[in-house]
Protein chains: 2
Amino acid sequence: MNAIDDKSKAAAALGPRMDASAIQRLLVERICLLRYRPGDQLKEAELAREFGVSRTPVRDALNRISHLGMIESRNGVGTVVVRLSEEQIRHVYEMRLELACLIGKLSPVAPGPAHLAALQGLLQRARRLRDGFKADEYVLINHELHEVIASMIGNSSLRSMWLQTYVQAASTWYMVAQTREAEVTDALLEELTDLVNAVKHGDAEAVGFVQRIHIQYGFAKINAMLEEGGLDAD
Amino acid sequence: MNAIDDKSKAAAALGPRMDASAIQRLLVERICLLRYRPGDQLKEAELAREFGVSRTPVRDALNRISHLGMIESRNGVGTVVVRLSEEQIRHVYEMRLELACLIGKLSPVAPGPAHLAALQGLLQRARRLRDGFKADEYVLINHELHEVIASMIGNSSLRSMWLQTYVQAASTWYMVAQTREAEVTDALLEELTDLVNAVKHGDAEAVGFVQRIHIQYGFAKINAMLEEGGLDAD
DNA sequence: GACAGCTTAGGTGTATGCAGCTTAGCTTTT
DNA sequence: AAAAGCTAAGCTGCATACACCTAAGCTGTC
């Protein structure tokens, strides 16, 4: 029901002092990383207690997030994490397929040693998933991978849209992924291997194409599940 | 300095009662339509007085807008309308060039009689601009044209990005346009004529390409001004 | 027993006061 | 006269109390 339980009042003491921006980042991350699932209610008062602040900064954070299409507030009812319709999911994925190709086209950032190191680190971690799958770790690797990719996008507008579509699609994908652990782990390994090769050649265009290929792969998986009977695997 | 002056307290009586969403729409429109110019300060207290509400709903509206990259708040200083850097302007335009081509590609909405009628109405209004240019009317025609185009975009994600890049680029373009009245009027007439033809054939793909062509035209004009010496024509 | 209406609990929306941050202008010192 | 520091004004950020909206459950009636 409510995704918060383990650290109801512990968090009040762990942060220096949460302001609206920090809360915003945290909430987005929690939604992406599936700690809050589509349909979950985010109660302002509850979050305020957790962070040790008043409702005001929480409200500010929620308001800023609302334009990303991740949450929706209705007066008298509550604020819930948006559950995208099947059509919307398709739209976001179709869009990401196109955006991926633009990564190497619109003023790309030449991938350097830092990118390579980051990817190789993620590859190491992904390999360990084969001998013991951990859903949280899989999600985290994907999340950090996404940030690495974003850092290769030189066009600020494209980068913003890449981020936006990622957060919109993330929870859907991670829900699907949790039902096919072995499959998605192998796919992630392939993706990272391909990316390492692309970055070794300093080829940002190849990075974009690799992304496109694997988005296409994920899209196909999601479509298959949608046609089977939906992904309401709460 | 402050863009509000003529209706400081008049508006308090003209609306039924402004809520945060209504204020949000109004502020976005005012920024697009160049009533607030880049660099202008938007004081919460002042806006609250104008709309006859407290600072809270104004704050909520500003917070929601902030994710569009149109405004920026700094504690102790104020909230200002963002002035995009030259690089950011180029990025947005490069992005719009790509998005335009996707209009006819990603689940387009077949243009119908309603679209045609709307475009022909705009064409009529645009023709009158040749015998007496009015900056406000030029901006309004462009604004409504943009909404017509958006209604032909079936992919919700693409439509959202199309809107987002429009509001980011709008004020820049309208500032440029005001220095070359005859030129941009002719270009607008051509654009509308081309669009009418495309819509007559029910060809959404052609609509996208027409958009691309004219975005390219505007981009070239802006680039020319940037190289001449900037567009700080306050 | 079923349905219409009321009542109440719980959520978001708004108003208001205060705290804290910045900056501009004045004052004071060298 | 110039520069450093102080001071005050004005803005946003935050806290709190209250108003309003919604839905669910109870109650009374038919």
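The figures here come from the full heavy-atom set of this structure, side chains too, leaving out hydrogens, waters and symmetry mates. First the proteins, then the strands, lettered A, B, ... as listed; each starts at 1.
The nearest heavy atom of DNA chain C to A/G76 and to A/S73 marks one nucleotide each, and the one closer to the 5' end goes with A/G76. Toward the 5′ end of DNA chain D lies the nearest nucleotide of A/S54, the other residue of the pair A/S54 and A/N75 mapping further downstream.
Smallest separation of non-hydrogen atoms from B/P111 and B/H115: CA-ND1, 3.3 Å.
Nearest nucleotide to the B/R55 side chain, out of C/dT14, D/dA23, C/dT16: C/dT16. Taking only side-chain atoms of A/E44, from C-beta outward, the nucleotide of C/dT14, C/dT12, D/dT22 with the closest atom is C/dT12.
The distance from atom CG of B/D60 to atom P of D/dT12 is 14 Å, rounded to the nearest whole Å. Note: CG (A/L42) to P (C/dG11) measures 12 Å, nearest angstrom. In this structure, the CG atom of B/D19 is 12 Å from the P atom of D/dC21, given to the nearest Å. Rounded to whole angstrom, the span from the CZ atom of B/F51 across to the C1' atom of C/dT14 amounts to 16 Å. Whole-Å rounding puts the A/L47 CG to C/dG10 P distance at 17 Å. Regarding B/M18, its CE atom lies at a distance of 18 Å from the C1' atom of C/dA15, rounded to whole Å. As a whole-Å value, the separation of A/K43 NZ from D/dA23 C1' is 14 Å. Rounded to whole angstrom, the span from the CD atom of B/Q24 across to the C1' atom of C/dT14 amounts to 16 Å.
We find that A/K105 and B/E94 are not joined by a salt bridge, their nearest charged nitrogen and carboxylate oxygen being 4.0 Å or further apart. Using a 4.0 Å cut-off between charged nitrogen and carboxylate oxygen, A/R159 and A/E147 do not count as a salt-bridge pair.
For the pair B/T56 and C/dT14, the criterion of a side-chain N or O lying under 4.0 Å from OP1 or OP2 is not met. For the OP1/OP2 pair of D/dT12 and a distance below 4.0 Å, the side-chain nitrogens and oxygens of B/T79 include at least one atom meeting the criterion. A sub-4.0 Å separation between OP1 or OP2 of D/dG13 and a side-chain N or O of B/R59 is present.
In this structure, B/L62 reaches neither bases nor backbone, as no heavy-atom distance under 4.0 Å exists between it and the strands shown. Contacts of B/R74 with the nucleic acid, taken as non-hydrogen atoms under 4.0 Å apart, involve only primed sugar atoms and P, OP1 or OP2.
Using the six-membered ring where Trp is involved, B/H146 and B/Y166 have ring planes that are parallel, under 30° apart on the 30 and 60° scheme. Aromatic ring orientation, A/Y93 versus A/F219: parallel (interplanar angle below 30°, classes split at 30° and 60°).
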